[in-house]
Amino acid sequence: VQLQASGGGLVQAGGSLRLSCAASGRTFSRSAMGWFRQAPGKEREIVAAISRSGLSTYYADSVKGRFTASRDNAKNTVYLQMNNLKPEETAVYYCAADPQAILTSVPKFATSYDYWGQGTLVTVSS
């Protein structure tokens with residue numbers, strides 16, 4: 001599986017962005033997908049995860065109610081809608097795939113994911 005994240009950019013605090021992650025390969029629909037971010041000088045952290053079918057999701061407490069993960073298996077694409085962005089959310093955002101996930105699984109740990117995109121930079125100005 002190859003992953004290509006896009007949609008990052010510069011946005012003012014309170015603004016919105018939608019990230020996309022396009023996957024190649026035939027395992028996308030059998031993969032749980034995750035979104036992670038890594039700010040300068042900080043460890044990579046989970047933002048959201050979505051199950052193979054899209055029916056189950058997980059969100060970090062810090063983004064609940066503001067971020068929404070979704071997927072379109074017909075387009076081999078997963079999305080992360082981010083609303084009301086905060087300056088401290090400036091980071092490189094990564095998508096990742098776990099092709100070993102069971103149907104309802106929403107893996108929360110980076111070690112669960114086998115494939116990673118290259119990341120897209122989100123900069124939130126104050």
Side-chain angles (χ1 to χ4, degrees):
V1 178
Q2 291 185 322
L3 304 174
Q4 180 74 38
S6 62
L10 175 63
V11 64
Q12 289 187 332
S16 298
L17 281 175
R18 189 174 82 151
L19 305 183
S20 299
C21 176
S24 64
R26 293 178 287 180
T27 61
F28 177 78
S29 63
R30 300 195 298 273
S31 299
M33 300 296 294
W35 285 100
F36 291 76
R37 64 188 178 192
Q38 187 166 18
K42 294 188 176 182
E43 293 187 354
R44 190 171 298 190
E45 62 176 357
I46 181 81
V47 176
I50 186 166
S51 64
R52 289 162 52 179
S53 66
L55 295 179
S56 298
T57 52
Y58 166 83
Y59 298 97
D61 288 343
S62 59
V63 307
K64 282 180 181 176
R66 299 187 296 118
F67 288 17
T68 303
S70 61
R71 65 190 296 163
D72 185 339
N73 286 345
K75 295 183 178 179
N76 276 15
T77 303
V78 63
Y79 305 96
L80 184 66
Q81 177 67 44
M82 305 186 296
N83 298 328
N84 193 19
L85 281 159
K86 305 175 181 179
E88 56 265 36
E89 295 179 312
T90 293
V92 177
Y93 284 70
Y94 299 89
C95 58
D98 175 7
Q100 309 299 325
I102 61 173
L103 186 60
T104 58
S105 175
V106 281
K108 305 173 183 62
F109 301 101
T111 51
S112 298
Y113 293 87
D114 296 327
Y115 302 97
W116 292 81
Q118 86 290 357
T120 185
L121 177 62
V122 173
T123 303
V124 185
S125 63
S126 57

**Q** If I compare all heavy atoms of Ser20 with all of Thr77, which pair ends up nearest, and what's the gap?
**A** CB-CG2, 4.3 Å
**Q** Linking I/L/V/M/F/W/Y whenever any side-chain heavy atoms sit under 4.5 Å apart, do Tyr115 and Val92 land together?
**A** no
**Q** Heavy-atom count around Gln2 CD within 6.0 Å, excluding the residue itself: above 12?
**A** no
**Q** Answer with yes or no whether the hydrophobic clustering places Leu3 together with Ile46; edges join I, L, V, M, F, W, Y residues whose side-chain heavy atoms lie under 4.5 Å apart.
**A** no
**Q** What's the spacing between Asp98 CG and Arg30 CZ if we round to 0.5 Å?
**A** 12.5 Å
**Q** Taking Glu89 first and then Arg66, would you say they form a salt bridge - that is, a charged N and a carboxylate O separated by under 4.0 Å?
**A** yes
**Q** Look only at the side chain of Gln118 and the backbone of Ala5, and say whether a donor-acceptor pair between them is shorter than 3.5 Å.
**A** yes
**Q** Which atom pair, heavy atoms only, marks the closest approach of Ser105 to Ala32?
**A** O-CB, 3.7 Å
**Q** Taking all non-hydrogen atoms of both residues into account, name the closest pair between Ala39 and Thr90 and its distance.
**A** CB-O, 3.5 Å
**Q** Check for a donor-acceptor pair, side chain of Asn73 on one end and backbone N or O of Arg52 on the other, with a separation under 3.5 Å.
**A** yes
**Q** Mind jotting down which residue pairs meet the disulfide bond (SG atoms under 2.5 Å apart) criterion with at least one end in residues 11-69? Sequence neighbours excluded, please.
**A** Cys21-Cys95
**Q** Do the side chains of Leu85 and Ser16 get nearer than 4.5 Å, heavy atoms only?
**A** no
**Q** Could you give the distance from CD (Gln100) to OG1 (Thr27), rounded to the nearest 0.5 Å?
**A** 9.0 Å
**Q** Quick test of your reading: applying ring pair (Phe, Tyr, Trp, His ring centres under 6.0 Å), list the pairs with at least one residue in residues 52-105, sequence neighbours left out, ordered by first then second residue.
**A** none
**Q** Compare every heavy atom of Ala23 with every heavy atom of Val1, then report the nearest pair and how far apart it is.
**A** CG1-CB, 4.2 Å
**Q** Return yes if some donor-acceptor pair links the side-chain N/O of Arg71 with the main-chain N/O of Ser51 below 3.5 Å, else return no.
**A** yes
**Q** Taking everything shown except Lys108 itself, do over 12 heavy atoms lie less than 6.0 Å from its NZ?
**A** yes
**Q** Look up atom CG in Leu80 and atom CG in Leu17, then write down how far apart they are to the nearest 0.5 Å.
**A** 9.5 Å
**Q** Can you name the nearest heavy-atom pair linking Ala91 to Leu121, along with the distance?
**A** O-CD1, 3.6 Å
**Q** Ring-plane angle category for Phe36 and Trp116, please: parallel below 30°, perpendicular beyond 60°, tilted otherwise.
**A** tilted
**Q** Using modelled atom types and a 3.5 Å cut-off, is there a donor and acceptor pairing between side-chain atoms of Ser53 and backbone atoms of Leu55?
**A** yes
**Q** Assigning hydrophobic clusters by single linkage (Ile, Leu, Val, Met, Phe, Trp, Tyr; side-chain heavy-atom cutoff under 4.5 Å), is Tyr113 placed with Leu19?
**A** no
